[in-house]
Amino acid sequence: MTTPSDSEDRSQIRKTNTMVGRRKFLAAATALAAASLPAKKAKAVNTASPAPGAARSGANAATLAVDGGTPVRATRLRANFPGPLYYDEEERRELLEVLDRRAPFRWYGVGPKGGDPDKCNQFEKEFAAHTGTKYCVAVTSGTAALITAVAALDVGPGDEVILPSWTWHSCYDAVIVAGATPVFAEIDDSADIDPTDIERHITPRTKVIMPVHIMGEPADMDPILAIARKHHLKVLEDCAQSAGATYKGHPVGSMGDCGIYSFQLCKTISAGEGGAMVTNDPYVFERAARFHDIGDLRGPHAAMLGRPPRMSRFAGMQFRMNEYSGAVLRAQLRKLDRIAGDFRSRSARVKQGIADLPGIQFRKSNDPSGALGSSVYFRTTGKEERDRFIKALRAENIPAGTIEGSVLLPLEPYIEKKQTLEPGWPSFATVDGKALRFGAECCPRTIDVWNRYVGVPMDPTYSDQDVSDIIAAVRKVYPAIAKT
């Protein structure tokens, strides 16, 4: 997951009108709704004592800060990346053990004064258990995990992979690196791939569907898996932004043929960089284990396989995780459930605190209890209103932005032009590949969804006062800007 940085904040907002007319009826309705809240809830939302960083309510409380009023907070609230916020002696102890063993490489150490490495091996076992899968391959990044997973599923030239139009570059790049052809499907109001738009893209060349669990919200896996079974397709779950999320009781990544994760700085747990692929399929695991390690199958992975190898060596990559990363991630994994719980509790309180606002519509959730809650999004009438909300909330010193964490891939110039590493790259060399069209024409609904949502990023360490300030700011801004 990502949170808006200062530079991103400035670049994401287009020029908009600085004011809109007040909707007096809506404001009155909101006031009545607030008055009807239970006493305890109303106190939590409206009368919490300001923290040192928060501005006290006064005569200008009803005037938006963007219009010259007093902001809800005197200082800007910032959402930080979660994993490192939880670093403590556990990560330190794990790292010192690697130093003491003189064994930073995952397969062997440096001699009699050192010790046997085990951090990556243990992390793989522990992460597989946590995700409810049999096998895990730890790699250097989420992108490396995607490339490894695509290779493990036997994807290559002539094959097509269906992925959402709103996701990160790595999803597209992993398909291109394999020489396969990416095909974009629309997203729905969950910001995840729309299951109802998948089948129209299936051709005899389709091999994989890649649902991406965007910004902590699990994709709607039941219909996706049903479509895959119907057409005999593989499913690769991209869980890079959603470690800790579940779908109907199943950890994301455990339902498809394989799943990938990222442990880069802004993800739920982090070693700065890193990734993993999980699967229940021994064939997929063996291919992944070999591919990520120059085609070899090392002893610990052979033992994890639990059966004789079924393939010989082939050309692969060097995506091995190092012991320092494995050490940090072992400690972080023990905190994953706590981090996810902290996210959920804060986002749930924000949503509860603004749910009574007339007409408010939150981002669609495919599993409200399983979503990570790393951001709270609500729908607007379109780009103009969305940008006004963003500007007004930021003026109240509350972080706000568009749907984060990815890009509108078909609109990226290098993708629209089908630029690849070399001319004649197999991804677009066929008649069908050349006929494929990207750009706005292939994802109008995705663009519309992206234009409509405004969000407030959550921080799992937000204080009660921070949460109250977010609620107060939305309640202050919403009646003035929301269109009836």
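Numbers here are sequence positions counted from 1.
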According to side chain to side chain donor-acceptor pair (under 3.5 Å), who are the partners of [X], at least two apart in sequence or on a separate chain?
X: Thr461; answer: Asp459
X: His250; answer: none
X: Lys335; answer: Asp88, Glu91
X: Thr246; answer: none

Given Phe285 and His301, is the ring pair (Phe, Tyr, Trp, His ring centres under 6.0 Å) satisfied, shown in steps?
-> CA-CA 9 Å; Phe285 170 69; His301 281 155; 5.7 Å; yes
Which ring pair (Phe, Tyr, Trp, His ring centres under 6.0 Å) pairs, counting each pair once, include a residue from residues 388-410, with sequence neighbours left out?
-> Phe378-Phe389, Phe389-Tyr478
Could you list the residues that satisfy side-chain contact (heavy atoms from CB on, under 4.5 Å) with [X], not counting sequence neighbours?
X: Lys248; result: Asp222, Asp367
X: Arg452; result: Arg379, Thr380, Asp448
X: Asp281; result: Thr279, Tyr283, Val284

Any side-chain heavy-atom pair from [X] and [Y] closer than 4.5 angstrom?
X: Val235; Y: Leu225; result: yes
X: Cys136; Y: Val278; result: yes
X: Pro71; Y: Glu396; result: yes

Run through Asp464, Asp342, Asp469 and flag the one making a salt bridge (Lys or Arg N to Asp or Glu O under 4.0 Å) with Arg349.
-> Asp464
Would you check if the side chain of Glu237 reaches a backbone N or O of Met255 as a donor-acceptor pair within less than 3.5 Å?
->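 Checking the backbone N and O of Met255 against the side chain of Glu237, a donor-acceptor pair under 3.5 Å is found.
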Which pairs of donor and acceptor atoms, one on a side chain in residues 163-172, lie under 3.5 Å apart (sequence neighbours left out)?
| from | atom 1 | to | atom 2 | distance (Å) |
| --- | --- | --- | --- | --- |
| Ser165 | OG | Ala185 | O | 2.9 |
| His169 | ND1 | Tyr414 | OH | 3.0 |
| Ser170 | OG | Thr143 | OG1 | 2.6 |

Using distance alone, with no hydrogens and no angle criterion, decide if [X] and [Y] have a side-chain donor and acceptor under 3.5 Å apart.
X: Thr181; Y: Glu160; result: no
X: Glu217; Y: Ser365; result: yes
X: His130; Y: Asp337; result: yes

Which value, rounded to the nearest 0.5 Å, describes the distance between [X] atom [atom1] and [Y] atom [atom2]?
X: Cys239; Y: Lys267; atom1: SG; atom2: NZ; value: 12.5 Å
X: Asp194; Y: Ile224; atom1: CG; atom2: CD1; value: 9.0 Å
X: Glu273; Y: Thr140; atom1: CD; atom2: OG1; value: 7.0 Å
X: Ile260; Y: Ser141; atom1: CD1; atom2: OG; value: 9.0 Å
X: Leu336; Y: Ile269; atom1: CG; atom2: CD1; value: 5.0 Å
X: Met215; Y: Glu404; atom1: CE; atom2: CD; value: 6.5 Å

Flag yes if more than 12 heavy atoms outside [X] fall under 6.0 Å of its [atom1] atom; otherwise flag no.
X: Arg92; atom1: CZ; result: no
X: Tyr108; atom1: OH; result: no
X: Lys125; atom1: NZ; result: no
X: Lys364; atom1: NZ; result: yes

Does [X] come within less than 4.0 Å of [Y], counting only side-chain N to carboxylate O?
X: Glu124; Y: Arg106; answer: yes
X: Asp118; Y: Arg101; answer: yes
X: Glu385; Y: Arg388; answer: no

For Asp293, all residues meeting salt bridge (Lys or Arg N to Asp or Glu O under 4.0 Å), sequence neighbours excluded =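 For Asp293, the residues satisfying salt bridge (Lys or Arg N to Asp or Glu O under 4.0 Å) (neighbours in sequence not counted) are Arg298, Arg320.
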Residues which pass salt bridge (Lys or Arg N to Asp or Glu O under 4.0 Å) with Asp154, listed by chain and number, not counting sequence neighbours | Arg287
So, for Thr420 and Trp425, which heavy atoms are closest and what is the spacing to 0.1 Å?
->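 Of all heavy-atom pairs spanning Thr420 and Trp425, the closest is OG1-CB, 3.1 Å.
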Using the test ring pair (Phe, Tyr, Trp, His ring centres under 6.0 Å), find all partners of Phe362 that sit at least two apart in sequence or belong to another chain.
-> none
Please test Ile187 against Arg445 for side-chain contact (heavy atoms from CB on, under 4.5 Å), starting from the C-alpha separation and ending with a verdict.
-> CA-CA 7 Å; Ile187 64 171; Arg445 195 146 48 88; over 6 Å; no
Let me see the working for Val183 and Thr206 under side-chain contact (heavy atoms from CB on, under 4.5 Å), right down to the final yes or no.
-> CA-CA 9 Å; Val183 177; Thr206 306; over 6 Å; no
Go through the steps for Lys207 and Leu153 under the test side-chain contact (heavy atoms from CB on, under 4.5 Å), then give the verdict.
-> CA-CA 9 Å; Lys207 194 161 193 177; Leu153 294 175; over 6 Å; no
Audit row: Leu146, Leu236, side-chain contact (heavy atoms from CB on, under 4.5 Å) steps and yes/no | CA-CA 9 Å; Leu146 275 166; Leu236 193 175; 4.1 Å; yes
